[in-house]
Undergrad: 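Structure below; questions to follow.
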Amino acid sequence: MVRVFARCASDNAASRLEPELLQALSAFRATRHGAPKRYWKMQELYEFSFAAAGIDKFADITALCSNGWTDAGDDDDPSWVWNVEPGATFLHAEAVWAEVLTFDA
């Protein structure tokens with residue numbers, strides 16, 4: 001699964017951004033995993049969630065942006081978190097945070 005938080009001024013802006021994020025994740029056969037929703041803590045951000053079937057290892061997706069990734073998981077719940085850094089972009093210029101995680105369906 002891939003979660004992305006991105007700056008969006010409105011629901012309409014979030015709806016326009018979602019296909020761009022899906023396109024950026026197309027190599028991973030990503031599909032929408034719920035509608036974009038405003039992040040309650042920071043109203044200028046929207047959360048986008050995608051199921052991604054083509055990720056065999058975290059390095060596959062973290063290679064899309066080599067800066068800003070932190071191993072945030074453990075042996076039972078692997079997870080990588082990305083925070084925006086100057087000069088670094090992951091998937092889209094409006095993205096400010098992302099998480100890549102695996103779980104058994």
Side-chain angles (χ1 to χ4, degrees):
M1 174 172 230
V2 179
R3 295 173 56 216
V4 178
F5 286 79
R7 289 182 213 93
C8 294
S10 65
D11 291 346
N12 287 337
S15 293
R16 289 189 305 272
L17 179 57
E18 184 180 45
E20 294 181 44
L21 295 172
L22 276 167
Q23 177 61 36
L25 290 167
S26 64
F28 303 102
R29 300 188 308 276
T31 57
R32 180 186 199 205
H33 188 75
K37 57 186 175 189
R38 193 177 292 274
Y39 183 43
W40 65 275
K41 281 186 179 180
M42 293 185 235
Q43 294 291 304
E44 72 277 12
L45 300 181
Y46 276 73
E47 178 180 0
F48 300 83
S49 297
F50 306 100
I55 300 174
D56 295 323
K57 53 189 179 294
F58 286 112
D60 292 345
I61 198 161
T62 58
L64 295 175
C65 178
S66 59
N67 296 334
W69 289 99
T70 302
D71 184 347
D74 58 33
D75 290 341
D76 295 323
D77 295 308
S79 169
W80 281 84
V81 171
W82 177 82
N83 285 287
V84 69
E85 293 184 356
T89 301
F90 177 66
L91 303 182
H92 194 278
E94 297 303 325
V96 298
W97 186 90
E99 180 182 24
V100 179
L101 58 144
T102 62
F103 57 88
D104 295 326

Undergrad: Which residues pass the side chain to side chain contact (heavy atoms under 4.5 Å, CB included) test with Ala93, not counting sequence neighbours?
TA: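 By the side chain to side chain contact (heavy atoms under 4.5 Å, CB included) rule, Ala93 matches no residue at all.
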Undergrad: Pairs under 3.5 angstrom only: tabulate donor-acceptor contacts from the side chains of residues 42-52 to other protein residues two or more places apart or in another chain.
TA:
unit_1 : atom_1 : unit_2 : atom_2 : d
Gln43  : NE2    : Tyr39  : O      : 3.4
Gln43  : NE2    : Trp40  : O      : 3.2
Tyr46  : OH     : Asp11  : N      : 3.0
Tyr46  : OH     : Asp11  : OD1    : 2.4
Tyr46  : OH     : Arg38  : NH2    : 2.8
Glu47  : OE2    : Arg3   : NE     : 2.9
Glu47  : OE2    : Arg3   : NH2    : 3.4

Undergrad: Would you name the heavy atoms of Cys65 and Ala88 that are closest together and state the gap between them?
TA: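 Looking at all heavy atoms of both residues, the closest pair is SG-CB, 3.9 Å.
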Undergrad: What are the two closest non-hydrogen atoms of Leu17 and Cys8, and how far apart are they?
TA: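 Heavy-atom minimum between the residues: CD2-SG, 3.7 Å.
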Undergrad: Quick one: salt bridge (Lys or Arg N to Asp or Glu O under 4.0 Å) pairs with a partner in residues 88-97, sequence neighbours left out?
TA: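 Passing the test, one end in residues 88-97: Arg7-Glu94.
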Undergrad: Return the set of residues passing side-chain hydrogen bond (donor to acceptor under 3.5 Å, both in side chains) with Arg32 (not counting sequence neighbours), or none when no residue passes.
TA: Glu18
Undergrad: Taking only residues two or more places apart in sequence or in another chain, which ones pass side chain to side chain contact (heavy atoms under 4.5 Å, CB included) with Asp71?
TA: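 Here the qualifying residues are Trp80.
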Undergrad: Excluding sequence neighbours, so at least two apart, what forms side-chain hydrogen bond (donor to acceptor under 3.5 Å, both in side chains) with Glu20?
TA: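 Counting only residues at least two positions away or on another chain, Glu20 forms a side-chain hydrogen bond (donor to acceptor under 3.5 Å, both in side chains) with His92.
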Undergrad: Students often mix this up, so state it plainly: with edges at 30° and 60°, are the rings of Trp82 and Trp69 parallel, tilted or perpendicular?
TA: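 Aromatic pair Trp82/Trp69 classed tilted.
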Undergrad: For the atom pair CZ (Phe90) and CG (Asn83), what is the distance rounded to the nearest 0.5 Å?
TA: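 Taking CZ in Phe90 and CG in Asn83, the distance rounds to 12.0 Å.
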Undergrad: Restricting to non-hydrogen atoms, name the atom on Leu22 and the atom on Ala30 that form the minimum distance, rounded to 0.1 Å.
TA: CD2-O, 3.6 Å
Undergrad: Which atom names give the shortest non-hydrogen contact between Glu99 and Ser79, and what distance separates them?
TA: OE2-OG, 2.7 Å
Undergrad: Output all residues satisfying side chain to side chain contact (heavy atoms under 4.5 Å, CB included) with Ser26, sequence neighbours left out; order by chain, then residue number.
TA: Gln23
Undergrad: With rounding to the nearest 0.5 angstrom, report the CG to OG1 distance, Leu64 to Thr89.
TA: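 One finds 11.5 Å between CG of Leu64 and OG1 of Thr89.
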Undergrad: Within this structure, what is the CG-CG distance for the pair Leu25 and Leu91, rounded to the nearest 0.5 Å?
TA: 4.5 Å
Undergrad: Using side chain to side chain contact (heavy atoms under 4.5 Å, CB included) as the criterion, list what pairs up with Asp77, not counting sequence neighbours.
TA: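 Here the qualifying residues are Asp74.
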